[in-house]
Every structure is written in C-alpha cells, then in structure tokens.
There are 2 protein chains.
Amino acid sequence: MKISTKGRYALRLMTDLAIHKDDGYISIKSIATRQNISEKYLEQIIKLLAKENLVESTRGAQGGYKLTREPVEYTVGEILRVTEGSLAPVACLETDDNPCENCMDCVTLEIWQCVLDAVNKVVDSITLQYLVDKQREKGNCGCC
Amino acid sequence: MKISTKGRYALRLMTDLAIHKDDGYISIKSIATRQNISEKYLEQIIKLLAKENLVESTRGAQGGYKLTREPVEYTVGEILRVTEGSLAPVACLETDDNPCENCMDCVTLEIWQCVLDAVNKVVDSITLQYLVDKQREKGNCGCC
DNA sequence: TTGAATTCCTAGCAATTTTGTAGTATATTA
DNA sequence: TAATATACTACAAAATTGCTAGGAATTCAA
C-alpha cells in the first residue's frame, strides 16, 4: 500500500513551484538541485502534471514551468492521482474498465471502495497552499 | 497504492476457513481448489497468519488449518496488516525505525499519517464475520 | 545569427518487489 | 507402513519502480 516516489516527488515539486510562484518560469534544473532529485526523472513526472494542465511550460532559455492556478486551488489528492494513476487499492476500482463482471456483486470490492473513499477524503481536503504554509514552518525531510 | 495478492488472498483464505469453521482442520489443498489459488503460494501466506496465531495447524493426514478464534473476533485490518506488513503509505510510518530524524517535523509525514489513520479506521471496523455473511449473499469474484 | 539554455520525446535498463515453483524434511493418522 | 499433510528453504519468472541516456525542437540573449 505504498505511495511511489512519483507521487512523493510530485508533491515536493508542486510545493517548490508554489513557493516560487512569483518568480516566473522555474527550470527543472533548479528544482532538481533544491530538492535533490534526478533532473531527468523529475522531467518525466512534471510531464504528467503538464498533460493534465496542472502546470504550464515554455521552452528555451529562461524557460521552465509554473503553476496554472493559485496554490489554494490544488488539492494533494489531485496531484497524487495525476502522478500515481489512481489511489484505488485494487485495479477493479480503476475507472473505465471493470475487468470482472461479477465484481459489482463482490464482497471485497465493497471494502476496497470504502478504503478508497477514506483515502480520497483525506487527500482531497488538503490544499497545496497548506503544504506551502507548513513547509515554511517545518521544512521537509525529503524522505517521505 | 495497491493491496498485493498476499492481502487479497489472505482475506479469501480466512473467509474460507471461517465458513468451514465447524469442519475440523481444513487442508491447504482444499482451500486452493475452492479458491483457485496456487497451493504453494497459499502455504506461504497462511504461514504468516500462523506465525501471528490467527490460525493453528496440525500436520499429517486429516491435518490442516483452522481459526483460533470466532470470525467476529478478527478484523480485516488485522488480517491485512499481518500479510501486507503495514498499510502505511510511506516507510517512515512503519513501526520501530524512522529512518530519517527530521521526519517528525516533516510536512508530508503528517499527511501520510492521516491517510494511514483513515485506512486503518475503515479496515479495523470490518470483521471476518461480516465477510462471511456478505459472501453468503453475494459471492466473491476472485479478482479483488 | 549563433550559441546557450531549456523543454520535449523516446528508448532502454538496473534494481526491487511481487508472485509464484520446486523439492525435501517432518509429522500424523489409518 | 503408506498416504496425507504441514514446515521449511531456495530459487525463478514476471512485473513494476526508479532512473539514465541521447537527441530533437524551441526560445532568448548577445
């Protein structure tokens, strides 16, 4: 039941962008240096966020990324779902395709649905702005 | 954020044992046949449950496994934690060793703690007896 | 107009974890 | 003593994760 580095890095990445939201476009290189994360790996993660329009970019010198909205308008849940795929504990709850026709009537699906709802409720109640505020007070260990 | 087959199989395995709780010792072979899960793999999963005394065993002919308590005395959370290790979304929340000393003061740890609490609350509120009752009405698809 | 900086895109790969298999030793019962 | 089980250990295939590599396309500044 682990969150992967993709989701965790995405949270740090977005928090970094939020903290520098008034500094124009921010390069991956500078984020990678500050956060001590591989540049090339960050590139792949931010691509996921760009595809869903959570961030926008320009190429070339002085290029980089910036948020498309105010930090208070993002939730942690949204960021995690874009990068992790889905927070569902089983594939059957992934949108679109229920691989098994009996699933709808299955005992355990009900449990996984409750777990998913509980997780979503938590992460959807926390905004990126909250992360920024808390980070300013507390810092970030980088390992979780 | 997926539950592995170990946890899912363990739930089916325990439900199977609960349904046959008055039939003496139940062999892995018969469970494997009914649930259509590899015998040898089930063996490894049930070993985890036996180690924590959720089930007891006897060897030899007519041997097998049975529950050590009434189905109503097990929670889904307990079964999952024994087989999955922990439901924590990050390693830093795993008991005993916090690998990073700054974690205690980290922004995101707080979030992961809330997620863990929410998940535990759900799975700890569902008993094995509930699974048995629902399974009798609804069945189990075997895929989640 | 040229060069530096930067995103964009694709492919691959090493390490780890998951999901099993296989074989043998040990115990129990009829 | 033969059949039936668990107990234990080791290994292996498959999938996923986490990351690396290289080059094309774009933009800006000197």
Side-chain angles (χ1 to χ4, degrees), chain A residues 1-10 12-13 17 20 23-33 35-66 68 80 83-86 89-91 94 142-144, chain B residues 1-10 12-13 17 20 23-33 35-66 68 80 83-86 89-91 94 142-144:
Chain A
M1 277 288 277
K2 292 283 177 291
I3 288 279
S4 73
T5 54
K6 263 186 192 157
R8 290 189 281 116
Y9 289 176
R12 287 163 63 191
L13 163 57
L17 282 180
H20 296 92
D23 304 348
Y25 286 95
I26 309 297
S27 71
I28 284 184
K29 192 174 209 166
S30 69
I31 302 173
T33 303
Q35 300 296 329
N36 195 33
I37 299 176
S38 149
E39 217 174 300
K40 285 293 191 179
Y41 193 35
L42 265 189
E43 197 180 301
Q44 287 171 34
I45 295 168
I46 208 166
K47 188 168 61 178
L48 299 170
L49 297 161
K51 204 173 61 184
E52 298 298 319
N53 269 81
L54 274 71
V55 299
E56 59 183 292
S57 63
T58 67
R59 290 174 164 197
Q62 319 327 319
Y65 293 88
K66 67 174 185 181
T68 53
L80 289 178
T83 48
E84 291 281 315
S86 151
V90 291
E94 232 107 74
C143 74
C144 67
Chain B
M1 277 286 277
K2 293 283 176 291
I3 288 279
S4 74
T5 53
K6 262 186 193 158
R8 291 190 280 116
Y9 289 177
R12 287 163 64 192
L13 162 58
L17 282 180
H20 295 92
D23 303 348
Y25 286 95
I26 308 296
S27 71
I28 284 184
K29 192 173 209 167
S30 70
I31 301 173
T33 303
Q35 300 295 330
N36 196 32
I37 300 175
S38 147
E39 216 174 304
K40 286 293 191 179
Y41 193 34
L42 265 190
E43 195 181 302
Q44 287 171 37
I45 295 169
I46 209 166
K47 187 168 58 178
L48 300 170
L49 297 162
K51 203 172 60 183
E52 299 298 318
N53 268 80
L54 275 71
V55 299
E56 59 183 290
S57 63
T58 67
R59 290 173 162 196
Q62 317 328 318
Y65 293 89
K66 66 174 185 180
T68 53
L80 290 179
T83 48
E84 291 280 314
S86 151
V90 291
E94 233 107 73
C143 75
C144 67

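Proteins come first, then strands; the chains are lettered A, B, ... in the order of their sequence lines, and each starts at number 1. Here the structure is a predicted model, which is why all the values come from computation and not from measurement.
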Take B:Gly60 and B:Lys47, find for each the nucleotide of DNA chain D with the closest heavy atom, and name the residue whose nucleotide sits nearer the 5' end.
B:Gly60

Under a 3.5 Å cutoff, is there a donor and acceptor pairing between the side chains of B:Thr5 and B:Tyr41?
yes

Where do N or O atoms of nucleotides 11-13 of chain C meet protein N or O atoms at under 3.5 Å, pair by pair?
none

Interatomic distance, B:Arg59 CZ vs C:dT29 C1' [rounded to whole Å]:
14 Å

After noting the C-alpha distance and the side-chain angles of B:Glu84 and B:Lys2, does the key distance pass the salt bridge (charged side-chain N to carboxylate O under 4.0 Å, His left out) rule?
CA-CA 10 Å; B:Glu84 291 280 314; B:Lys2 293 283 176 291; over 6 Å; no

Round to a whole Å and report the spacing from CD1 of B:Ile31 to C1' of D:dT6.
12 Å

Has A:Tyr65 got a side-chain N or O lying under 4.0 Å from the OP1 or OP2 atom of C:dC8?
yes

Distance only, no hydrogens: is a donor on one side chain within 3.5 Å (strictly under) of an acceptor on the other, for B:Ser86 and B:Glu94?
yes

Stepwise, does the side-chain contact (heavy atoms from CB on, under 4.5 Å) test hold for A:Tyr65 with A:Ile26?
CA-CA 5 Å; A:Tyr65 293 88; A:Ile26 309 297; 5.6 Å; no

Roughly, in whole Å, what's the span from CD in B:Glu43 to P in C:dT26?
16 Å

When the distance from CD1 of B:Ile46 to C1' of D:dT6 is rounded to whole Å, what number comes out?
10 Å

Residue whose closest nucleotide on DNA chain C lies nearer the 5' end, A:Gln62 versus B:Thr5:
A:Gln62

Could you give the NZ-to-P distance, from A:Lys51 to C:dC9, as a whole number of Å?
11 Å

Both A:Glu39 and A:Thr58 contact DNA chain D. Taking the nearest nucleotide for each, which residue is further toward the 5' end?
A:Glu39

Rounded distance (Å) that lies between atom P of D:dA15 and atom NZ of A:Lys2
23 Å

Separation of D:dG18 P from A:Ile45 CD1 (nearest whole Å):
9 Å

